Amino acid sequence: MNAQALVLTDNAANKVRQLRDSEGNQELMLRVYVTGGGCSGFSYGFNFAESMNEDDAEFVNGDVKMLVDSLSYQYLVGSEVDYVEGLEGSRFVVQNPNATTTCGCGSSFSI
């Protein structure tokens, strides 16, 4: 898998650093995945992982690692993962060039 196929922005990496510090665990990595569901067919998910799985792709921004499993990778290739703060709250968002339709809140999509 091409290590440049997904981008973790500086904003997202800074937020992961803050969350790692608050948890007191510098080994935490951001896991980004796709599941079925949501108003547009697929939903983005985010959580922390302490270890890499065999089928994970790893993307790095400084000292922050982002993991994507092989099933989700096919839907996320070319995407940018960012962290935004606004009227809708603070959240990680995915700018996905593969999505043909995205719901209003940006948390689900279709291909």
Side-chain angles (χ1 to χ4, degrees):
M1 292 180 220
N2 180 355
Q4 299 303 314
L6 274 82
V7 173
L8 180 67
T9 67
D10 291 342
N11 282 343
N14 288 335
K15 185 60 178 179
V16 171
R17 281 186 201 95
Q18 291 173 2
L19 293 170
R20 279 190 329 205
D21 290 346
S22 70
E23 291 291 320
N25 184 349
Q26 296 304 307
E27 301 301 314
L28 292 177
M29 299 170 273
L30 179 66
R31 179 173 294 284
V32 181
Y33 58 93
V34 173
T35 60
C39 51
S40 293
F42 294 101
S43 294
Y44 300 113
F46 305 91
N47 62 27
F48 277 119
E50 292 189 73
S51 61
M52 243 178 111
N53 296 329
E54 189 175 301
D55 72 333
D56 285 339
E58 177 184 289
F59 307 93
V60 179
N61 180 323
D63 64 339
V64 174
K65 294 180 183 177
M66 175 175 67
L67 304 176
V68 178
D69 65 86
S70 60
L71 183 60
S72 298
Y73 180 87
Q74 63 186 327
Y75 299 109
L76 294 170
V77 67
S79 295
E80 178 180 275
V81 176
D82 197 9
Y83 183 79
V84 297
E85 296 178 2
L87 294 174
E88 296 175 358
S90 303
R91 60 195 169 107
F92 288 100
V93 295
V94 178
Q95 301 297 326
N96 187 342
N98 305 304
T100 57
T101 306
T102 303
C103 71
C105 67
S107 65
S108 68
F109 67 100
S110 64
I111 293 186

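It should be emphasised that the depicted structure is a prediction, and the values quoted were computed from it without experimental measurement.
- Judged as a salt bridge (Lys or Arg N to Asp or Glu O under 4.0 Å), the pairs with a partner in residues 7-17 (not counting sequence neighbours) are, in order, R17-D63.
- For the salt bridge (Lys or Arg N to Asp or Glu O under 4.0 Å) condition, the pairs that include at least one residue of residues 21-35, sequence neighbours left out, are R31-D56.
- Under the 4.5 Å side-chain heavy-atom criterion for Ile, Leu, Val, Met, Phe, Trp and Tyr, F42 and Y33 are members of distinct hydrophobic clusters.
- Put simply, OG on S79 and CG on L8 are 12.0 Å apart, with the number rounded to the nearest 0.5 Å.
- Residue L67 shares its hydrophobic cluster (ILVMFWY side chains chained together at separations under 4.5 Å) with M29, M52.
- Both Y75 and L6 sit in one connected hydrophobic cluster of ILVMFWY residues. Membership requires side-chain heavy atoms under 4.5 Å apart, directly or through other members.
- Donor-acceptor pairing under 3.5 Å is recorded for the side chains of N98 and N96.
- Contact check for Y44 versus V93: no side-chain heavy atoms found under the 4.5 Å cut-off.
- By the side chain to side chain donor-acceptor pair (under 3.5 Å) test, N11 pairs with no residue at all, sequence neighbours left out.
- Distance CZ/F59 to NZ/K65: 13.0 Å, rounded to 0.5 Å.
- Under the side chain to side chain donor-acceptor pair (under 3.5 Å) criterion, E50 pairs with N25, not counting sequence neighbours.
- Residues N61 and A13 share a closest heavy-atom pair of CG-CB, 3.6 Å.
- Nearest heavy atoms, A57 versus Y73: CB-CD1, 4.1 Å.
- For residues 72-86, the set of pairs meeting the salt bridge (Lys or Arg N to Asp or Glu O under 4.0 Å) definition, not counting sequence neighbours, is empty.
- When the side chains of ILVMFWY residues are joined at heavy-atom separations under 4.5 Å, either directly or via intervening members, L19 and V64 end up in a single hydrophobic cluster.
- Under the ring pair (Phe, Tyr, Trp, His ring centres under 6.0 Å) criterion, F46 pairs with F92, sequence neighbours left out.
- Looking at N53 and D69, their side chains never come closer than 4.5 Å, going by heavy atoms from C-beta outward.
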